[in-house]
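What follows is a short report on a single structure.
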Amino acid sequence: MHSIAGAMIFMTVEGTHEDVLHYNIRKDRNKTLNAIHELCDDTVLASNPERWKGKARHELMQYEENLYAFFQRGVTDRGTKIWTFWNAVFYCGTIYTTIGE
């Protein structure tokens with residue numbers, strides 16, 4: 001019974017944090033898309049392909065750095081959650097057997 005209650009609490013706390021991280025990945029992706037779209041609308045940059053590529057490359061590199069930081073924390077935006085109920089039960093069980101009640 002303790003494992004189930006602990007899992008529910010842990011899943012709520014960590015699951016909410018995970019949802020925020022997924023939202024931040026999508027927000028960064030949309031920000032990058034909007035920035036590149038704005039580069040396409042810039043007539044001055046459009047007349048200079050190398051400068052346009054440099055600016056676009058810069059936007060993509062910033063996005064990659066942010067995405068890499070998420071990946072290092074084990075977070076992706078593939079629609080699967082790390083902290084499912086059963087993962088949380090397993091985690092709680094591990095804590096009980098390691099530390100004790």
Just list the side-chain donor-acceptor pairs under 3.5 Å for residues 58-66, sequence neighbours left out, or say none.
none

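Evaluation of the side chain to side chain contact (heavy atoms under 4.5 Å, CB included) rule for A46 yields no partner, not counting sequence neighbours. Shown here are the salt bridge (Lys or Arg N to Asp or Glu O under 4.0 Å) partners of K31, two or more places apart in sequence or in another chain: there are none.
Through ILVMFWY side-chain contacts below 4.5 Å, V44 is grouped with nothing and stands alone.
Here CD1 of I36 is found 6.5 Å from CG of L33. Values are rounded to the nearest 0.5 Å. Here the CZ atom belonging to R29 is positioned 12.0 Å from the CG atom belonging to N24, to the nearest 0.5 angstrom. Going from atom OG of S47 over to atom CH2 of W52 covers 13.5 Å, rounded to the nearest 0.5 Å.
Residue pairs satisfying the salt bridge (Lys or Arg N to Asp or Glu O under 4.0 Å) criterion with at least one member in residues 48-58, sequence neighbours excluded, are listed as follows: E50-K53. Contacts classified as salt bridge (Lys or Arg N to Asp or Glu O under 4.0 Å) and involving residues 32-44 (residues at least two apart or in different chains) are not found.
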N30/K27 under side-chain contact (heavy atoms from CB on, under 4.5 Å): CA gap, chis, key distance, verdict | CA-CA 5 Å; N30 288 334; K27 185 176 81 172; 6.0 Å; no
